[in-house]
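Take a look at the structure set out below.
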Number of protein chains: 6
Amino acid sequence: MDKAPLSPRRVRDSTVEVTHLVMPNEANVYGTVFGGIVMQQIDIAASIAAMRHARRPVVTASIDSLDFRRPIRVGQAMILRAAVNWAGRTSMEVGVQVLSEDLMTGVRETTNAAYLTFVAVDERGRPSPVPPLQPETDEERRRFSEAVERRRQRLERLRREPG
Amino acid sequence: MDKAPLSPRRVRDSTVEVTHLVMPNEANVYGTVFGGIVMQQIDIAASIAAMRHARRPVVTASIDSLDFRRPIRVGQAMILRAAVNWAGRTSMEVGVQVLSEDLMTGVRETTNAAYLTFVAVDERGRPSPVPPLQPETDEERRRFSEAVERRRQRLERLRREPG
Amino acid sequence: MDKAPLSPRRVRDSTVEVTHLVMPNEANVYGTVFGGIVMQQIDIAASIAAMRHARRPVVTASIDSLDFRRPIRVGQAMILRAAVNWAGRTSMEVGVQVLSEDLMTGVRETTNAAYLTFVAVDERGRPSPVPPLQPETDEERRRFSEAVERRRQRLERLRREPG
Amino acid sequence: MDKAPLSPRRVRDSTVEVTHLVMPNEANVYGTVFGGIVMQQIDIAASIAAMRHARRPVVTASIDSLDFRRPIRVGQAMILRAAVNWAGRTSMEVGVQVLSEDLMTGVRETTNAAYLTFVAVDERGRPSPVPPLQPETDEERRRFSEAVERRRQRLERLRREPG
Amino acid sequence: MDKAPLSPRRVRDSTVEVTHLVMPNEANVYGTVFGGIVMQQIDIAASIAAMRHARRPVVTASIDSLDFRRPIRVGQAMILRAAVNWAGRTSMEVGVQVLSEDLMTGVRETTNAAYLTFVAVDERGRPSPVPPLQPETDEERRRFSEAVERRRQRLERLRREPG
Amino acid sequence: MDKAPLSPRRVRDSTVEVTHLVMPNEANVYGTVFGGIVMQQIDIAASIAAMRHARRPVVTASIDSLDFRRPIRVGQAMILRAAVNWAGRTSMEVGVQVLSEDLMTGVRETTNAAYLTFVAVDERGRPSPVPPLQPETDEERRRFSEAVERRRQRLERLRREPG
């Protein structure tokens, strides 16, 4: 559409925080949250970050492996922090940190770190250009290079797998 | 339960941010979000702030009048920021600021400012003590005094109304 | 659109009754309904009353302050009765009475009285004319005048607040 | 539990009205409500009527055949009116009338008439006595006798079918 | 639309299996699933079978009487198997078998057998032709003839009832 | 609890099929399903398979990387097939194949292949023994060995990451 180069955007321009109170329907009969609910919340938070960066609709292209080390329970809060780590021509990597918070004790624990890639799309669902990412801090530059390495591994993984 | 005075807590200890992506079921057939959905999101964000301050379950005691000045639409994000403005013996006032964000343009607009009171409760639902609030900045002290004035008006309103 | 004056409508033409069975996802871990769920049910019942009067889509413009005096619990019924109290050129005030009913004892308690204003809109979301309201009973005339007074207070409140 | 005979209850003591605004998730891609959503709303309205009569938890024992003659659409209202037609020792028949209402035109159409039976249960799920029903009008007495005949047919149907 | 006769389809071409894990919101406070939830799941499974046969959108035209003999509980699985039993010019009968499965013991019980009729529709909601059904086994031929008999009874029932 | 060795179970004893009709709330404004919804459905289907094998509650321990190659749309069906690939002392690997089905054309496409690990737990959430898996076919034995290799990689990944 527009051919002029898009102006770069900073990491903090698209950072997202979601605090979610866990409901009974999101847990098994023992009150432990389903892994799939955590994944769904991760995808929503990450897609908001990606749309903020791209200012376009996005579709999830991939999610890296996830480990669920500590259970989250009904009545606890889930805190999700999502930020764009890397942006290419039409795709982006978003990192999401998930913490559980026991609202009765204030204890917070990191439960997951997730990496997702999104592709920006136009009205017909075709890949569409996104602005470059402008990392500003050392931390942001480290996350950028790690994302480039994860992207290399993802492309290799896709090459190995049958279409 | 515990008779020792509770140590005061700061405003930032209980501040909550929720970013919510508006879904089709939350809007009328023209894509405008139902006022009741905004109210529900306000109540959830505010109750997390209240629980963070009290470290106890809380029940909503009241919400002040709300004006819906600008419509929020399906596919936009709602951003809710909740903070405890004032804390008494067993009750707290929480202020919530609601913004809409058009993810395709980045335009944000303040759509609501809401004030809710919550009562902390024990396992049997009886009012239960909460820590004092320690405002730190001029802004927090201003919000504290305004909350005291709103509380005065609320108590007067309750006195006027039949039980 | 149509310039002919709209024929007046009676209060009973738009009166709504909703009986709602409270579900686990609508309550905290102690089984007490979230205030936000009550607000959402109030908004839905009230908007049906407003659409019945206006025969147009409506958007919530405001809700007056609400006090939650008695908790409603999972498994209980909420009964909502909504009626148009007043109608102006493009806006209406709807009153909603909320009762809880313990289905095991039959005990009903009034838990809330709410006042909301709605604006009728056309397909593009622009304010659109509504029929006049024809109060028929003394009770309906009393509610009409009280609504006029609440409207005066609302307009004053809006004038005081920054846009 | 209590052996004293339960005092009879009137039809109007347990009559229920539910007005439900149809949401996008309740319809197919062409906007027509799923039959299963209508059935679910019928079951909820009817079970409230049955619990009001029995003042005990109830379980659905059967529903008679249902014809869906006219489609209901997203944005329309469903009106459900449920009343206990007949009560035996531990079971009841509830009749539900379903109307659709086009909120933009005010046109209402009867879409379904449903008959369900419920059994009152105690805490362990065992059948539990319900009060007798006291029909007061000719209409209520006619519905009572028709329910007795439908019960006869249901019992015959159950006898024919393998367990 | 297309006038060429549609090629017949086999029963197994449209057979559907749904395994559903029962959630807290789908049950009463004693953990027993609402009859309406079972009906909704039956309607969804059956409508997928009907759409697979017709390759068109479908609307539920009727459901035969249903008996709920054994309760299903939160945390258990519901297994639904739906197959087209009979197809006419624009309508189809679908049979659904419902089993409950206690995931802790592996015990399965048949809880319901349901018969629904669907009408295939075009974009404007008008009845639209469906392919003939080609029963292949004795069991399928038996179900076909039983469906023809049920259809006769349904048409008679509709004739008796006022429109 | 019980110390006697558990008798082995076959792959087909725990195989699960879920057919899911995609709803408007599960997609973005362009009608494309959120990746998080696919993940949630994968987790539910896989956890039913794991519970069928273990006959105990299970918690999701990990999910391997997922690529979303083809979009699924509102009104299409998602078909999920889950089977236990490998079982250890208290954990299991479940493989899930996801297909989309365009109900109007009958076209099915493989959209995802997912691998999840689950841990069986007792009432207090502690790891609990599961029966051995008895692969019967060459295909099942191949999936068993591949699962052992994926497990090796997962353990290595966990060793590398900070707790």
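Quick note on labels: first sequence line is chain A, next is B, and so on, each numbered from 1.
Closest of all the heavy-atom pairs between D:Ala87 and D:Val130 is CB-CG2, 4.3 Å. The shortest heavy-atom contact between C:Ala83 and C:Val11 is CB-CG1, 4.0 Å. Of all non-hydrogen atoms in C:Leu6 and C:Pro131, the two that sit nearest each other are CD1-N, 3.6 Å. Between C:Ala114 and C:Leu66 the shortest heavy-atom distance is CB-CD2, 3.7 Å. Closest heavy-atom contact between C:Met92 and C:Ala50: SD-O, 3.6 Å. Between D:Pro135 and D:Leu133, the closest heavy-atom pair is CD-O, 3.2 Å.
Each of C:Val16, C:Ile44, C:Ile48 has some count of heavy-atom pairs under 4.5 Å with chain D, and the biggest count is that of C:Ile48. When each of D:Ala54, D:Ala45, D:Pro57 is checked for heavy-atom pairs under 4.5 Å with chain C, D:Pro57 comes out on top. No other option in C:Gly106, C:Ala77, C:Gly75 has as many heavy-atom pairs under 4.5 Å with chain D as C:Gly106.
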- Task: Check the pair C:Val94 / C:Phe118 against side chain to side chain contact (heavy atoms under 4.5 Å, CB included), numbers first and verdict last.
- Result: CA-CA 8 Å; C:Val94 179; C:Phe118 290 89; 3.9 Å; yes
- Task: Check the pair C:Leu116, C:Ile42 against side chain to side chain contact (heavy atoms under 4.5 Å, CB included), reporting the backbone distance first and the verdict last.
- Result: CA-CA 9 Å; C:Leu116 302 92; C:Ile42 286 172; 3.6 Å; yes
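For D:Ile79, the part lying under 4.5 angstrom from a heavy atom of chain C is the side chain only.
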Using a plain distance cut of 3.5 Å, could you tabulate donor-acceptor pairs between chain C and chain D?
unit_1: C:Glu17; atom_1: O; unit_2: D:Thr19; atom_2: N; d: 3.3
unit_1: C:Glu17; atom_1: O; unit_2: D:Thr19; atom_2: OG1; d: 2.9
unit_1: C:Thr19; atom_1: N; unit_2: D:Glu17; atom_2: O; d: 3.3
unit_1: C:Thr19; atom_1: OG1; unit_2: D:Glu17; atom_2: O; d: 2.9
unit_1: C:Arg52; atom_1: NE; unit_2: D:Glu101; atom_2: OE1; d: 3.0
unit_1: C:Arg52; atom_1: NE; unit_2: D:Glu101; atom_2: OE2; d: 2.9
unit_1: C:Arg52; atom_1: NH2; unit_2: D:Glu101; atom_2: OE1; d: 2.7
unit_1: C:Arg55; atom_1: NH1; unit_2: D:Thr105; atom_2: O; d: 3.4
unit_1: C:Glu101; atom_1: OE1; unit_2: D:Arg52; atom_2: NE; d: 3.0
unit_1: C:Glu101; atom_1: OE1; unit_2: D:Arg52; atom_2: NH2; d: 2.7
unit_1: C:Glu101; atom_1: OE2; unit_2: D:Arg52; atom_2: NE; d: 2.9
unit_1: C:Thr105; atom_1: O; unit_2: D:Arg55; atom_2: NH1; d: 3.4

